There are 2 protein chains.
Amino acid sequence: MKQILIIEDDPEIIKLLEIHLSNLIYTTSKALDGEEGLNLALQNEYDLILLDLTLPTMDGVTICKRIREKKNTPIIMLTAKSEEIDRVLGLEMGADDYITKPFSIRELLARVKAVMRRTDVTKFEKKETSTITADGLLVDIERRKVLLNDKKIELSPKEFELLVLMASNPGRNYSRTELLDVIWGYNFEGYEHTVNSHINRLRAKIETDMAHPKYILTSWGVGYKFNEDIVT
Amino acid sequence: MKQILIIEDDPEIIKLLEIHLSNLIYTTSKALDGEEGLNLALQNEYDLILLDLTLPTMDGVTICKRIREKKNTPIIMLTAKSEEIDRVLGLEMGADDYITKPFSIRELLARVKAVMRRTDVTKFEKKETSTITADGLLVDIERRKVLLNDKKIELSPKEFELLVLMASNPGRNYSRTELLDVIWGYNFEGYEHTVNSHINRLRAKIETDMAHPKYILTSWGVGYKFNEDIVT
DNA sequence: AAAAAGTATCACAATAATATCACAGTACAA
DNA sequence: TTGTACTGTGATATTATTGTGATACTTTTT
C-alpha cells in the first residue's frame, strides 16, 4: 500500500484528493499548514507528497527545499499560477512535477501514477554533489563556504543563495522575477532592481574585473546566468 | 482540429488573433460582446476560450465565473490592466492564464500552446523540441544560446526572437508587418524598415557572406524566411 | 535603359536596461 | 545599549539595444 501525504490548506481540495486517491488503493495523510506538513514529511516515509504552493505558516517553496535537504520523497506541487516560468521553478527546487489549479482529477491521477512509476526505478539513486567548482571558484553548499583561489570569501545569505542557485545550473538564464521568487520568496513585494544590487555586491566579492565578469554573466533583456564555459 | 472561442469587442484584435491562430491549425469562433460570448461558451464545446476583461453588456470576470459554474473549458484572460491584483483575480475566478495588452502575438501563442498542452492529458509525456539545428547553426531556445560552428554568438533580444521565430518554421515567409505584430506586438507604431535593420544586424552575426545569406533569406516583395534546405 | 519599388547598410540619437553608489532601516550579537 | 553586518531602495551613471534617417544598392517594371 502506497502512502501519500497531502499538504494543503483548502479542506475542499483535500477531500477531493482523498476520495480519488483512495480509489487507487493509496492511503493518505494530510497536513493543513506548512509547519505540520514539513514535520510529517521528515518524520515518516511517504511514497509521494502533494504540496500546495501557498500555505499558512510556511510556503511551499521553502517546504520543498527543506524536505529535499533530508529526503528524496517524490513531490508534486499544486500551484495556482500557470506561467511557464513557475513550472521550471517548481522543478528546479526539487519537485518532481507540478500541476496548476484548477486541475482535473483525471490529470492529477495520471501524474501521480506517472511519478510512482518513475520513482520505483530511480528510488535508490544518489543525491547530487554538494560542492561546485569553476575555474578558481569553489562553492561548498553544505558548509556554506566559498573559496576564491584558495582564499576564503565571506558572502551574505542572499549573495550565497544567488551564487548557489545559479552555479547549480550553469548557462541557465534566471530572470529577476524568478530569482525573487526562489530566493526572496513567493510573496516578496519589492522592486526587481533589488536583484541588481545583490548581484552587484556578489560580483564585487568574487569577480576580479567588474567590467568583464567571469562567473556571473548578464543576459541582456533576460536576466543573469552562471558562466557555463568555466565549470570543471 | 482544436476549437477556440474569442470573446473580444475590438475587431482589429479579433482579426489579428484569427490570422495567427489559424496558422496553428486552430479554428476560431468569435463573440463581440459578453452576453453572446457566454451563450456560445455554454452551448458549445471549445478547447480554449480567449476572454477580454472589459466587454460590452457583461464584463469578463462575470463571464469567467459563469462559465466555470458549468464548464471546465480552459480560459485565457486578455486584460489591459497590468496591476498584480488583476492577475490574481483572474486566476482565482477560474481562468487558466492571463495576458496583458498590448501583448506580442508570440507571447500569446506560447500561452495558447501551453494551455493546450497542459489540458491534454494524453500528451503530457511528450516533450517539445527546444533546439533547432541547421548546417553550422544551433539554436537552443530554452537556454537562449546560439552556436555558429561551435562558436557562441551573442544576440540581442530582438535578434534572438527573430531567429527563433523564423527558424521554427523553415521555409515559411514572414512579412514585415507580421514580424512586427508577432515580435514587437500589435501596438507597435513604427516603420517596417525597422525590421530590415534588425535582420541586417542578425545576419551580420550569423551569416558568413552577407551578399549571399545562408540562413535568413529574402523573399522579394514578401518578406523574409529561414532557409528550409539546410535544416537537419 | 531609366524609373520605380523594394532592400541593404550604416551612423547616430533615443530609449531602455543595467551598474553603481550612498544611505537609511532592520535585525541581531556583544 | 552600541556596534555591525545585511538589506532594500532612491538617485545617478553607464551601457546595450533599438528606431530612424540618409544613402547606396538590387531587383522589377515601364
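In what follows, every chain begins at residue 1, and chains take the letters A, B, ... in the order their sequences are listed. Just so we're clear, the structure is a prediction, and the values are computed from it rather than from any experiment.
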Candidate list A/Arg172, A/Arg176, A/Glu178, test side-chain hydrogen bond (donor to acceptor under 3.5 Å, both in side chains), partner A/Tyr224, passing option: A/Arg176

DNA chain C contacts made by residues 162-177 of chain B, counting heavy atoms under 4.0 Å: B/Arg176

Residues, nucleotides or ligands: over 12 heavy atoms within 6.0 Å of B/Lys30 NZ: no

Nearest non-hydrogen partners of A/Glu192 and A/Leu180, listed with the distance: CA-CD1, 4.0 Å

Heavy-atom closest pair, residues B/Val182 and B/Leu165: CG1-CD2, 3.8 Å

Side chains of A/Arg203 and A/Thr218, donor plus acceptor under 3.5 Å: no

Please tabulate, one pair per line, each protein N/O and nucleotide N/O from nucleotides 5-10 of chain D that are separated by under 3.5 Å, including the distance.
residue : atom : partner  : partner atom : Å
D/dT7   : OP1  : A/Lys158 : N            : 3.2
D/dT7   : OP2  : A/Ser156 : OG           : 2.3
D/dG8   : OP1  : A/Trp184 : NE1          : 2.8
D/dG8   : OP2  : A/Trp184 : NE1          : 2.8
D/dG8   : OP2  : A/His198 : NE2          : 2.8
D/dG8   : N7   : A/Arg201 : NH2          : 3.1
D/dG8   : O6   : A/Arg201 : NH1          : 3.2
D/dT9   : OP2  : A/Tyr191 : N            : 3.3
D/dT9   : OP2  : A/Thr194 : OG1          : 3.1
D/dT9   : O4   : A/Ser197 : OG           : 3.0
D/dG10  : N7   : A/His193 : NE2          : 3.2

Rounded distance (nearest 0.5 Å) linking atom CD of B/Glu207 with atom CG of B/Leu217: 7.5 Å

Length of the line joining B/His212:NE2 and C/dT9:C1', which is rounded to integer Å: 16 Å

Touch class at under 4.0 angstrom, heavy-atom based, for A/Phe160 against every strand present: nothing

Intermediate values then yes/no, salt bridge (Lys or Arg N to Asp or Glu O under 4.0 Å), B/Glu154 and B/Lys205: CA-CA 8 Å; B/Glu154 300 291 344; B/Lys205 291 182 180 176; over 6 Å; no

Protein-nucleotide distance (A/Arg203, atom CZ; C/dT18, atom P), rounded to Å: 11 Å

A/Asn149 side chain to A/Lys151 backbone, donor-acceptor under 3.5 Å: no

Distance, rounded to the nearest Å, where B/Asn196 contributes CG and D/dT23 contributes P: 18 Å

Gap between atoms CG and P, on A/Asn200 and C/dA19 respectively (whole Å): 8 Å

Euclidean distance, atom CD1 of residue A/Ile216 to atom P of C/dT20 [Å, nearest integer]: 13 Å

Between CG on residue B/Leu50 and CG on residue B/Leu21, distance to nearest 0.5 Å: 6.5 Å

For atom CG of B/Leu179 and atom P of C/dT7, their distance in whole Å: 12 Å

B/Glu192 CD to D/dT20 P, straight-line distance once rounded to whole Å: 12 Å

Close side-chain approach of A/Asp229 to B/Lys152, heavy-atom, < 4.5 Å: yes

Chi angles and distances behind the side-chain contact (heavy atoms from CB on, under 4.5 Å) call for A/Arg201, A/Lys158: CA-CA 10 Å; A/Arg201 290 193 269 253; A/Lys158 289 273 186 294; over 6 Å; no

Helical bend (five base pairs per end, nearest 10°) for the helix from C/dA1-D/dT30 to C/dA30-D/dT1: 20°

